2 protein chains.
Amino acid sequence: MISVGNSSDQLNERLANSGFRFTPHRRQVYDVLVQHRDHPTAEEVFIRAKKVMPDISMATVYNCLDALVKSGLVRLVNLDRGATRFCPNMADHGHFVCDRCGGVFDVGLPPASLGMQIEIPSGFKVNRYDIAFHGQCPSCASQG
Amino acid sequence: MISVGNSSDQLNERLANSGFRFTPHRRQVYDVLVQHRDHPTAEEVFIRAKKVMPDISMATVYNCLDALVKSGLVRLVNLDRGATRFCPNMADHGHFVCDRCGGVFDVGLPPASLGMQIEIPSGFKVNRYDIAFHGQCPSCASQG
DNA sequence: CTAGGTGCAAAAGGTTTGCGGTTAA
DNA sequence: TTAACCGCAAACCTTTTGCACCTAG
């Protein structure tokens, strides 16, 4: 298990560095994530935080999560909140998503090598994997 | 560019193998995907298909996409249609998603090795990548 | 004849936004 | 004091569902 968790001082510093305040709500939302480590959804975070802070609202949970993500304290697991995209290329390949223009491009993968190199804990049965690279496409990268 | 595209006979066979009929709407939705290859959303597919079939509806587009995906002719690029999940582990790691119980687990990655092994076409600037493994977690796998 | 496909409209789920009131630097 | 934060509610976007009609096997 990889160690996670930050002191209030650390949270304060990280949030402040990104222009956010350190508030009890943000401490609570962060604690919910650290205590369970089961990748909850925003609604699950809301339910758990509500047990300690009965007046917290969904809007505040989203606000806190957003501040934590932008401060580098929390990450999104399912990125691409937008609509699902479709692809007729059934060959083994990954995708490159341009963070600037939103374009999606196919990327070749070395055949059948990846799964072998990553240590999946025993007991897990892997059927497939998806890789998404993020960055800038050639057109956007050339525009500075 | 990887070759994609299937004849009507091939589409018919693939759909039939999964218990679906081969219809003009499904042919059209598939053609939209093959012709543009830019990973459109369902709404973009709808708009493009509508130019040729003005009476097609969103429900039919979703129906056709679903049939094509289930027949192995098209794949989803953004999986996990559900809610975004959050993770306080900022170390470099991937995720394992159990297709049965929906649980999400952290998976370690070999440090900084992956990006080097995959051939990203020149001009793309990669900032980060996300890997999601799919299959069955130990608990679900042991239940048959 | 019957299961499956289609269009329409309404509903459902997840997320964002607008607004008035509150709090902390 | 003033920018940031909060709760509430409404709006928004994407996807699913219910229903009536139609069509292919």
Side-chain angles (χ1 to χ4, degrees), chain A residues 8-9 11-30 39-71 73-74 76-86 102 104, chain B residues 8 11-30 32 39-71 73-74 76-86 102 104:
Chain A
S8 286
D9 281 353
L11 287 188
N12 191 351
E13 184 187 341
R14 293 267 212 153
L15 285 164
N17 282 344
S18 299
F20 296 105
R21 288 187 196 152
F22 176 52
T23 70
H25 296 79
R26 286 172 183 161
R27 168 89 253 179
Q28 181 57 39
V29 165
Y30 184 74
H39 306 79
T41 64
E43 181 164 21
E44 287 163 349
V45 172
F46 173 61
I47 291 167
R48 292 177 195 167
K50 212 174 172 58
K51 290 178 183 163
V52 182
M53 290 183 154
D55 288 341
I56 196 172
S57 70
M58 269 302 289
T60 296
V61 169
Y62 275 107
N63 174 329
C64 292
L65 288 169
D66 185 60
L68 292 168
V69 168
K70 287 186 174 147
S71 303
L73 288 157
V74 165
L76 303 170
V77 174
N78 306 356
L79 303 131
D80 310 319
R81 305 190 184 194
T84 304
R85 292 174 177 276
F86 299 88
V104 180
Chain B
S8 287
L11 287 188
N12 191 353
E13 184 187 342
R14 294 267 212 152
L15 286 164
N17 282 345
S18 299
F20 295 105
R21 289 188 195 150
F22 176 53
T23 71
H25 296 78
R26 286 171 183 161
R27 170 87 256 180
Q28 181 57 40
V29 165
Y30 184 75
V32 163
H39 307 79
T41 64
E43 181 165 21
E44 286 163 348
V45 172
F46 173 61
I47 291 168
R48 292 177 195 166
K50 213 174 170 62
K51 290 180 183 163
V52 182
M53 289 185 154
D55 288 340
I56 197 172
S57 70
M58 270 302 289
T60 295
V61 168
Y62 274 105
N63 173 330
C64 292
L65 288 169
D66 185 61
L68 291 169
V69 168
K70 287 185 173 145
S71 302
L73 289 156
V74 165
L76 303 169
V77 174
N78 306 355
L79 304 130
D80 310 318
R81 304 189 183 196
T84 303
R85 292 175 176 276
F86 298 88
V104 180

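Residue numbers begin at 1 in each chain, while the letters A, B, ... track the order of the sequences. All values below were derived from every heavy atom in this structure, side-chain atoms included, with hydrogens, water molecules and symmetry-related copies excluded. As the structure is a computational prediction, the values presented were derived from the model and not from experiment.
At its two ends the helix from dC1(C)-dG25(D) to dA25(C)-dT1(D) runs along axes set 30° apart, each axis drawn from five pairs and the angle rounded to 10°.
To the nearest 0.5 Å, atoms CG (Asn63(A)) and CE (Met58(A)) are separated by 12.0 Å. Note that CD of Gln28(B) and OG1 of Thr23(B) are 10.5 Å apart. Values are rounded to the nearest 0.5 Å. Annotation: the span from Cys64(B) atom SG to Arg26(B) atom CZ amounts to 5.5 Å, rounded to 0.5 Å.
What separates CD of Gln28(B) from P of dT6(C) is a distance of 12 Å, to the nearest Å. Atom pair Asp66(B):CG and dT14(D):P shows a separation of 19 Å (rounding to whole Å applied). Rounded to a whole Å, the CD atom of Glu43(B) is 12 Å from the C1' atom of dC12(D). Rounded to an integer number of Å, the gap from Asn12(B) CG to dG25(D) C1' is 12 Å. Distance, Phe46(B) CZ to dT15(D) P: 13 Å, rounded to whole Å. Atom CE in Met58(B) sits about 10 Å away from atom C1' in dC13(D), given to the nearest Å. One can place CG of Leu65(B) at 12 Å from C1' of dT15(D), the figure rounded to the nearest angstrom.
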Mind listing the side-chain donor-acceptor pairs of residues 43-52 of chain A below 3.5 Å, one per line with the distance, residues two or more places apart or on another chain?
unit_1: Glu44(A); atom_1: OE1; unit_2: Thr41(A); atom_2: N; d: 2.8
unit_1: Arg48(A); atom_1: NH1; unit_2: Asp38(A); atom_2: OD1; d: 3.1
unit_1: Arg48(A); atom_1: NH2; unit_2: Asp38(A); atom_2: OD2; d: 2.9
unit_1: Lys50(A); atom_1: NZ; unit_2: Pro54(A); atom_2: O; d: 3.0

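Note on Tyr62(A): every side-chain N or O is 4.0 Å or more away from OP1 and OP2 of dT16(C).
For Arg27(B), the side chain to side chain contact (heavy atoms under 4.5 Å, CB included) criterion is met by Ser8(B), Leu11(B), Phe22(B), Tyr30(B), Asp31(B), not counting sequence neighbours. Thr60(A) is linked by a side chain to side chain donor-acceptor pair (under 3.5 Å) to Ser57(A), counting only residues two or more places apart in sequence or in another chain. Taking Ser18(A) as the reference, nothing meets the side chain to side chain donor-acceptor pair (under 3.5 Å) condition, with sequence neighbours excluded.
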For Asn17(A) and Glu13(A), what are the C-alpha separation, side-chain angles and deciding distance, and is it a side-chain contact (heavy atoms from CB on, under 4.5 Å)?
-> CA-CA 6 Å; Asn17(A) 282 344; Glu13(A) 184 187 341; 4.0 Å; yes
Show your working on side-chain contact (heavy atoms from CB on, under 4.5 Å) between Leu15(A) and Leu73(A) and close with a plain yes or no.
-> CA-CA 8 Å; Leu15(A) 285 164; Leu73(A) 288 157; 4.2 Å; yes
Would you tabulate the pairs of protein nitrogen or oxygen atoms and nucleotide nitrogen or oxygen atoms of nucleotides 4-6 of chain D closer than 3.5 angstrom?
unit_1: dA4(D); atom_1: O4'; unit_2: Arg21(A); atom_2: NH2; d: 3.0
unit_1: dC5(D); atom_1: OP1; unit_2: Arg21(A); atom_2: N; d: 2.8
unit_1: dC5(D); atom_1: OP1; unit_2: Arg26(A); atom_2: NH1; d: 2.6
unit_1: dC6(D); atom_1: OP1; unit_2: Thr23(A); atom_2: OG1; d: 3.0
unit_1: dC6(D); atom_1: OP1; unit_2: His25(A); atom_2: ND1; d: 3.1
unit_1: dC6(D); atom_1: O3'; unit_2: His25(A); atom_2: NE2; d: 3.4

